[in-house]
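To start, the structure under review is shown below, and the notes come after it.
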Number of protein chains: 2
Amino acid sequence: METRGEGTPGLSEKLRRGDVFAEQCPSRDILNHLTSRWGVLALMALLDGTRRFSELRRKVGGVSEKMLAQTLKRLEKDGFVQRTDYGVVPPRVEYALTPMGREAARHVAALADWIERNLPRIMGARPGAEDCAGRAGG
Amino acid sequence: METRGEGTPGLSEKLRRGDVFAEQCPSRDILNHLTSRWGVLALMALLDGTRRFSELRRKVGGVSEKMLAQTLKRLEKDGFVQRTDYGVVPPRVEYALTPMGREAARHVAALADWIERNLPRIMGARPGAEDCAGRAGG
DNA sequence: GGTACGTACTTACCAAAAGTTAGTCCAGGG
DNA sequence: CCCTGGACTAACTTTTGGTAAGTACGTACC
């Protein structure tokens with residue numbers, strides 16, 4: 001993200017580049033969806049490949065079915081997630097990242113990775129406060 | 001973010017790597033703070049350098065003073081932002097990224113950059129729906 | 001004298017979103 | 001009969017975000 005010069009828009013500006021700092025720009029909504037509490041984790045959970053709803057639920061510690069369903073629906077609407085309903089009972093539904101979703105998820109995952117690797121430093125190197133041995137899923 | 005093998009933790013695991021999927025892991029809170037609605041934009045706004053409160057307010061379109069203050073306080077507490085109060089009236093306070101905050105902000109900015117560059121594609125290439133010419137600040 | 005402005009917050013109250021709990025439908029098992 | 005798993009949805013409660021007003025003070029202007 002470079003400085004946005006205030007000069008005359010060049011040819012590349014013709015592509016209507018977004019501006020997340022501008023409240024009314026659609027990129028703001030996209031940013032909010034991708035960085036939403038459960039959106040971040042759902043995207044990352046799908047990086048490993050297609051998953052069913054209940055798998056995602058178990059993978060993402062702390063998410064409710066309601067919030068997961070809501071989040072996936074929104075990501076699907078945005079075009080980042082593809083939902084496949086097999087139309088059977090009990091229900092069988094699978095979720096997968098679209099190519100665009102995969103690109104977004106990689107960026108999100110890079111941040112999460114950085115946090116996880118730097119956690120001791122962030123927490124001020126207090127060994128007792130970082131008990132993440134109990135993995136949520138995976 | 002690689003697969004977290006379920007095998008015996010190696011020596012590197014001794015460093016208590018975080019796991020954002022685990023609800024109780026402190027990395028979850030950090031992730032939520034860094035990806036919060038206003039946290040994302042505040043971090044990015046500070047990438048250009050030190051700014052005063054009102055500058056940030058103007059730069060980040062749509063944020064209220066309340067939410068901005070709240071967000072900056074939390075980022076400061078986490079160690080990503082440094083606050084300098086000059087103790088004068090009218091108040092003069094400056095905010096800057098810490099080295100750690102700069103690292104985090106770069107990751108966040110990469111995602112935002114990706115969104116902005118891919119906005120036409122994300123919006124399905126509808127030219128009429130992407131009027132971001134009115135820049136929020138900068 | 002008064003009002004207005006900018007600064008960086010804080011407070012009181014309301015709106016919106018998240019969270020909790022229960023429910024739906026069905027096949028299979030005890 | 002009840003329970004389980006699956007993928008949601010609805011009703012209600014709790015939490016967080018948003019709105020509007022307030023604080024204190026120096027400076028500028030009428």
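Residue numbering restarts at 1 for every chain, and letters A, B, ... go by the order of the sequence lines.
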Between [X] and [N], is there a side-chain N or O to OP1/OP2 distance below 4.0 Å?
{"X": "R58(A)", "N": "dG6(D)", "result": "yes"}
{"X": "S54(B)", "N": "dA8(C)", "result": "yes"}
{"X": "R52(A)", "N": "dG5(D)", "result": "no"}
{"X": "R37(A)", "N": "dG17(D)", "result": "no"}
{"X": "R83(B)", "N": "dC9(C)", "result": "yes"}

Please report the distance, rounded to the nearest Å, between [atom1] in [X] and [atom2] in [N].
{"X": "E55(B)", "N": "dG6(C)", "atom1": "CD", "atom2": "P", "result": "15 Å"}
{"X": "Y86(B)", "N": "dC9(C)", "atom1": "OH", "atom2": "P", "result": "13 Å"}
{"X": "R57(B)", "N": "dC9(C)", "atom1": "CZ", "atom2": "C1'", "result": "12 Å"}
{"X": "R51(B)", "N": "dA8(C)", "atom1": "CZ", "atom2": "P", "result": "13 Å"}
{"X": "L56(A)", "N": "dA7(D)", "atom1": "CG", "atom2": "P", "result": "9 Å"}
{"X": "N32(A)", "N": "dG18(D)", "atom1": "CG", "atom2": "C1'", "result": "14 Å"}
{"X": "D85(B)", "N": "dC9(C)", "atom1": "CG", "atom2": "C1'", "result": "10 Å"}
{"X": "F53(A)", "N": "dA7(D)", "atom1": "CZ", "atom2": "P", "result": "7 Å"}

| remark: Per nearest nucleotide of DNA chain C, the residue lying toward the 5' end, L72(B) or E65(A), is L72(B)
| query | For DNA chain C, whose closest nucleotide is more 5', that of M67(A) or that of P90(A)? | reply | M67(A)
| query | If you look at every strand shown and take non-hydrogen atoms under 4.0 Å, does S64(A) touch a base, only sugar-phosphate, or nothing? | reply | base
| F53(A) side, atom CZ; R83(A) side, atom CZ - distance, nearest 0.5 Å | 9.5 Å
Closest listed nucleotide, where the reference is the side chain of [X] and the choices are [options]:
{"X": "V93(B)", "options": "dG19(C), dA8(C), dT9(D)", "result": "dA8(C)"}
{"X": "W38(A)", "options": "dG18(D), dG19(C), dT9(D)", "result": "dG19(C)"}
{"X": "A69(B)", "options": "dA18(C), dG6(D), dC9(C)", "result": "dC9(C)"}
{"X": "K66(A)", "options": "dG19(C), dC25(D), dG18(D)", "result": "dG19(C)"}

| request: Mind listing the closest non-hydrogen atom pair of L72(B) and L56(B) along with its distance? | output: CD1-CD1, 3.8 Å
| request: Looking only at non-hydrogen atoms, find the nearest pair between C25(B) and G18(B) and report the distance. | output: SG-CA, 3.9 Å
| query | Any side-chain donor paired with an acceptor under 3.5 Å for E94(B) and Y86(B)? | reply | yes
| query | Does the distance from a Lys or Arg side-chain N to an Asp or Glu carboxylate O, for E103(A) and R121(B), drop under 4.0 Å? | reply | yes
